[in-house]
Amino acid sequence: MHRIIIEGGRQLSGKIKISGSKNSAVALVPAAVLCDEEVTIANVPNISDINALDEMLTFLGAKVKRSEDVIRIDSSKIENKLIPENMSKKLRASYYFMGALLSRFKKVEMYFPGGCSIGARPINLHLKGFRALGAKVEENDNLFIITADNLRGAKINLDFASVGATINLMLAAVKAEGTTIISNAAKEPHVVNVATFLNNMGAKISGAGTSEIKIVGVKHLHSCFHEVVPDYVETGTYMILASAIGKDITITNIIPDHVESLISKLDDMGVPMQIGVDFIKINAPLKLKQTNIKTQVYPGFPTDLQQPMAALLTQATGKSTINETIWENRFLNLIELNKMGATAETVTNSKAVIVGPTKLKGKNVKATDLRAGACLVIAGLIADGKTTIENADYILRGYENIIEKLTNIGAKIKLEEIE
Ligand code: EPZ
């Protein structure tokens, strides 16, 4: 277990280079089992979620070689075994093995996945899609057994534009007989990145990034080289930090379009930004104006950035509101922010109000999930005095080299291992 210790209240400046997208990489790695030749994926972030997937791949018999940000996966000799629950429980994205192994072996057994406790996180849309493709789904005591004589293309409409279901059904459909249409599909950049990877392997996918994705089944997928797209949630997290206490912070290796909704909100708050082709330079303004956030599927305001944004809103003048429309339990970070001197109120499980500006003081707080942890890192850097963040392992799941990246811009921050 780890905790993070921060001496806050310092102005930060310098450069931060963004890593590959966690939410893309955690889909690309399981997707590699679709191909019985070696695939190479670059710009993979070195985060614990990838380590967990590496462990599962190795358990299945894949050969995994990692050097720096490159991962080479040879699944030619994998067996279709039940991944132990203690492995698949480590993260939500283990469920991508469902679509990938079903596609390859026409049968898969998997336990219900893990993931941050931000809501019930059902997988009914994934299972509805597998059934539409001709699979039989049995569930007993959290164990899913999914089998198909044959996978046949189908029209699948998603009740909700679910990222996970969109990606999982692409994986299941790439080698199905005939054509699959996924309507009301998720449009997030990582959905597009996974579709590009599959096409690089020889799949026939079109429409990724729109709400209708077409997949024409192919017989064989071959080895390829692919690059993970920059992480727009990491990008947004550091943009938010820079807007609070940054002086000339330049965030590089980004795709500005992917954070358009955040740029618009920071602009509303009076944050001066210089936006380049693949970088953004931010100075914290003397005064931040309040704003109202409503989380929506891409390209709306990302739910994964509403928690980091809460730390910034404590410094904005006036009453700001957050309307969380995606997850039903994503305000636990507000309890911790209030311990530090914020005035944040959870009105319902989807509505919160933050009145600012309030002076934040360093305290002992705890991360309850990944992005809640990111919120507390930002709050700790803003606050005067020492902040200790317990359960920091959540943060290490999604932010590569966060201690080094923040130290490089002047933060006094360290990671401590505890028993
Ligand atoms: C992905 O989760 C991300 N995780 C989440 O990021 C992110 O918050 C979420 O997409 C939304 O953008 C990964 O990519 C690993 P969903 P996922 O399926 O796929 C409901 C982070 O911080 N739903 O789009 O699980 C669900 O309950 C993490 O990096 C069903 O009802 O999200 C939720 O209300 C946290 N049935 C909504 O859809 C289903 O079968 C969005 O879920 C699937 C989802």
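One-based numbering, in listed order, for ligands and for the atoms of each.
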Original post:
Do E177 and N150 get their side chains close enough for a donor-acceptor pair, meaning under 3.5 Å?
Top reply: yes
Subject >> Atom indices of ligand 1 within 4.0 angstrom of G164 heavy atoms, with elements >> reply: 18 (O), 19 (O)
Original post:
Under the side chain to side chain contact (heavy atoms under 4.5 Å, CB included) criterion, do I16 and T252 qualify, and how do the steps go?
Top reply: CA-CA 6 Å; I16 297 178; T252 64; over 6 Å; no
Subject >> Sequence-distant partners of E138, salt bridge (Lys or Arg N to Asp or Glu O under 4.0 Å), two or more places apart >> reply: K136
**OP:** For atom 2 (O) of ligand 1, find the nearest protein heavy atom and state the residue, atom name and distance (0.1 Å precision).
**Re:** R121 NH2, 3.5 Å
Subject >> Sub-4.0 Å atoms of ligand 1 with respect to non-hydrogen atoms of I118 >> reply: 35 (C)
Original post:
What part of W327, side chain, backbone, both or neither, has a heavy atom within less than 4.0 angstrom of ligand 1?
Top reply: side chain
Subject >> For Y96, all residues meeting ring pair (Phe, Tyr, Trp, His ring centres under 6.0 Å), sequence neighbours excluded >> reply: none
**OP:** Provide the number and element of each atom of ligand 1 under 4.0 Å from a heavy atom of I326.
**Re:** 33 (C), 34 (O), 37 (C), 41 (C)
Original post:
Can you tell me how far CD of E109 sits from CG of L82, rounded to the nearest 0.5 angstrom?
Top reply: 5.5 Å
Original post:
How far does CG of N200 sit from NE2 of H222, to the nearest 0.5 angstrom?
Top reply: 8.5 Å
**OP:** Before signing off on this row, confirm whether Y95 and ligand 1 have an N or O atom pair separated by under 3.5 Å.
**Re:** yes
**OP:** Within a distance under 4.0 Å of any heavy atom of L125, pick out the atoms of ligand 1 and give their elements.
**Re:** 36 (N), 39 (C), 40 (O)
**OP:** Please verify whether a non-hydrogen atom of P122 lies at under 4.0 Å from ligand 1.
**Re:** yes
Subject >> Element-labelled atoms of ligand 1 that are located less than 4.0 Å from some non-hydrogen atom of N23 >> reply: 3 (C), 4 (N), 6 (O), 13 (C), 14 (O), 15 (C), 29 (O)
Subject >> Numbered atoms of ligand 1 (with element) below 4.0 Å of I123, judged on heavy atoms >> reply: 39 (C), 40 (O)
**OP:** Taking atom types as modelled, find out whether D74 and S76 have a side-chain donor-acceptor pair closer than 3.5 angstrom.
**Re:** yes
Original post:
What are the atoms of ligand 1, with element, lying closer than 4.0 Å to any heavy atom of R330?
Top reply: 8 (O), 22 (O), 35 (C)
Original post:
Is there a donor in the side chain of R121 and an acceptor in the side chain of Y95, or the other way round, less than 3.5 Å apart?
Top reply: no
Original post:
Considering only heavy atoms, which of A161, S162, A186 lies nearest to atom 44 (C) of ligand 1?
Top reply: S162
Original post:
Which residue supplies the protein heavy atom nearest to atom 36 (N) of ligand 1, what is that atom called, and how far is it?
Top reply: N124 OD1, 2.7 Å
**OP:** Verify the distance criterion only: is there a donor paired with an acceptor across the side chains of N51 and R397 at less than 3.5 Å?
**Re:** no
**OP:** Could you check atom 37 (C) of ligand 1 against the protein and tell me its nearest heavy-atom contact, residue, atom and distance included?
**Re:** F160 CE2, 3.5 Å
Subject >> Heavy atom of protein inside 4.0 Å of atom 20 (C) of ligand 1, strictly below >> reply: no
Original post:
Taking the six-membered ring of Y238, is the NZ or CZ of K405 close enough (under 6.0 Å from the centre) and on axis enough (within 45°)?
Top reply: no
Subject >> Pick from H126, R92, K22: the one approaching atom 25 (O) of ligand 1 most closely through a non-hydrogen atom >> reply: R92
Original post:
What are the atoms of ligand 1, with element, lying closer than 4.0 Å to any heavy atom of D304?
Top reply: 5 (C), 6 (O), 7 (C), 8 (O), 21 (C), 22 (O), 28 (C), 29 (O), 35 (C)
Original post:
Within the structure, does E328 bring an N/O atom to less than 3.5 angstrom of an N/O atom in ligand 1?
Top reply: no
Original post:
Can a donor-acceptor pair be found between the side chains of E328 and S350 at a distance below 3.5 Å?
Top reply: no
Original post:
Does any N or O atom in T303 lie less than 3.5 angstrom from one in ligand 1, N or O only?
Top reply: no
Original post:
Just distances here: any N/O of V163 and N/O of ligand 1 closer than 3.5 Å?
Top reply: yes
**OP:** Calculate, to the nearest 0.5 Å, the distance between atoms OG and CG belonging to S48 and D393 respectively.
**Re:** 7.0 Å
